[in-house]
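Here's the structure, in structure tokens; my notes come after.
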Amino acid sequence: MTKTADLEADIGEILLTEEAIASRVADLGRQIAADYAGRTLTLVSVLKGSLPFMADLMRQIPLPLRIDLMEVSSYGGTATESSGLVRIIKDLSASIADEDVLLVEDIIDTGLTLNYLVRYLRGKNPASLRICTLLDKPARRLVDIPVDYQGFEIPDQFVVGYGLDYGERYRNLRFVGVLRPEVYAGE
Ligand code: PRP
């Protein structure tokens with residue numbers, strides 16, 4: 001059986017420690033709570049990568065809020081590159097018409113997934129739609145989308161942990177780290 005220590009051995013460098021993530025998520029929660037004070041917020045998270053971020057962020061926002069979960073996958077790409085062709089695997093459970101919606105993502109890379117999701121959600125007529133991402137990799141951006149809340153800007157390295165995977169592994173690491181290139185060499 002693979003142990004967490006074995007997963008950690010595949011990490012070349014820890015980019016964001018557990019403590020750094022927790023502190024930044026608390027900052028974001030405070031900022032969001034101040035901005036949405038007196039309103040009823042709906043957080044829409046995009047599985048699977050956003051799961052830990054969503055779970056931590058929602059508990060840092062002391063407002064009445066609803067949550068909903070979508071799952072999308074990009075197809076035609078590879079394990080390290082998204083294709084921009086997005087398929088909805090799980091749709092919203094409830095209407096977001098006239099709601100203040102905050103889309104919660106783990107990472108914006110090319111922006112293609114987000115571009116699709118923003119258009120899709122706007123079509124549901126929310127009262128407002130903003131974007132919150134834990135990680136932003138601007139060097140890879142193909143579509144420019146304004147981000148309202150951003151945890152960290154990161155360099156163009158393949159990162160895993162705190163929800164982010166490679167081949168569905170590493171999501172359960174408590175930190176964000178750079179995957180050793182030899183792990184995905186030959187892809
Ligand atoms: C990741 C991430 C974003 C997307 C960002 O999801 O959660 O949705 O890629 O990439 P982009 O900006 O280049 O479109 P992924 O497709 O890996 O699914 P997962 O969350 O289930 O791991």
Side-chain angles (χ1 to χ4, degrees), residues 2 4 7-8 10-11 15-16 21 24-25 28 32 42-58 67-93 96 101-124 126 129-181 183-185 187:
T2 310
T4 310
L7 295 175
E8 291 184 14
D10 291 343
I11 306 301
L15 209 56
L16 303 170
I21 295 168
R24 188 71 189 116
V25 172
L28 289 172
I32 292 165
T42 301
L43 298 178
V44 174
S45 154
V46 190
L47 297 170
K48 303 171 197 150
S50 305
L51 189 60
F53 179 43
M54 175 71 157
D56 289 343
L57 181 67
M58 64 187 269
I67 66 166
D68 208 336
L69 305 169
M70 288 186 71
E71 184 171 0
V72 301
S73 84
S74 58
Y75 55 95
T78 67
T80 55
E81 302 273 339
S82 80
S83 65
L85 298 169
V86 177
R87 183 164 56 105
I88 294 179
I89 298 172
K90 185 210 167 296
D91 206 341
L92 295 168
S93 302
I96 55 165
V101 174
L102 182 61
L103 181 58
V104 177
E105 262 286 21
D106 52 340
I107 186 165
I108 304 173
D109 194 347
T110 62
L112 294 169
T113 306
L114 190 63
N115 187 46
Y116 174 88
L117 280 170
V118 164
R119 284 161 189 257
Y120 181 77
L121 294 175
R122 284 225 176 96
K124 306 275 179 191
L129 176 63
R130 287 187 183 172
I131 294 157
C132 176
T133 187
L134 179 70
L135 306 177
D136 190 351
K137 217 189 245 187
R140 301 242 323 153
R141 196 74 92 254
L142 294 176
V143 190
D144 194 26
I145 301 168
V147 176
D148 303 281
Y149 304 96
Q150 179 220 66
F152 301 92
E153 193 173 301
I154 60 167
D156 187 11
Q157 291 172 304
F158 193 79
V159 292
V160 294
Y162 196 68
L164 289 110
D165 74 308
Y166 171 67
E168 294 300 327
R169 296 176 75 196
Y170 309 100
R171 294 192 198 273
N172 53 330
L173 294 178
R174 301 167 79 99
F175 55 82
V176 172
V178 180
L179 195 60
R180 288 184 189 282
V183 177
Y184 55 88
E187 186 198 292

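Whatever order the structure lists ligands and atoms in, that order sets their numbers, starting from 1.
Near Ile107, meaning under 4.0 Å from one of its heavy atoms, ligand 1 places the atoms 2 (C), 3 (C), 5 (C). Of all atoms in ligand 1, numbered sequentially from 1 with element shown, those under 4.0 Å from a heavy atom of Gly49 are 19 (P), 20 (O), 21 (O). Within ligand 1, the atoms closer than 4.0 Å to a non-hydrogen atom of Leu112 are 12 (O), 14 (O), numbered from 1 in the order shown. Numbered from 1 in the order shown, with element, the atoms of ligand 1 that lie under 4.0 Å from a heavy atom of Glu105 read 2 (C), 3 (C), 7 (O), 8 (O). Close approach of ligand 1 to Lys48 is summarised as follows: ligand atoms under 4.0 Å from at least one heavy atom of the residue are 19 (P), 20 (O), 21 (O). Within the listing of ligand 1, atoms 11 (P), 12 (O), 13 (O), 14 (O) sit less than 4.0 angstrom from a heavy atom of Thr110.
Distances between N or O atoms of Ser73 and those of ligand 1 include no value under 3.5 Å. In terms of N/O distances under 3.5 Å, ligand 1 is not approached by Leu114. Residue Arg171 has at least one N or O atom closer than 3.5 Å to an N or O atom of ligand 1. Below 3.5 Å of separation, one finds no N or O of Val72 facing any N or O of ligand 1.
Contacts with ligand 1 closer than 4.0 Å are made by backbone heavy atoms (N, CA, C, O) of Leu47 only, the side chain lying farther away. Of all the heavy atoms of Thr113, the ones lying under 4.0 Å from any atom of ligand 1 are found in both the backbone and the side chain.
A donor-acceptor contact shorter than 3.5 Å links the side chain of Arg24 to the backbone of Gly151. Distance alone, capped at 3.5 Å, places no donor-acceptor pair between the Asp165 side chain and the Arg171 backbone. With hydrogens and angles ignored, the 3.5 Å screen pairs a side-chain donor or acceptor of Lys90 with a backbone N or O of Leu69.
Looking at heavy atoms from C-beta onward, Asp106 lies out of side-chain contact with Val46 at the 4.5 angstrom threshold. Between Tyr162 and Leu16 the shortest side-chain heavy-atom distance does not fall below 4.5 Å.
Annotation for Arg174: atom CZ does not count as buried by contact number, only 12 or fewer foreign heavy atoms lying within 6.0 Å.
Sequence neighbours left out, the pairs with a member in residues 46-56 that pass salt bridge (Lys or Arg N to Asp or Glu O under 4.0 Å) are Lys48-Glu168, Asp56-Arg59.
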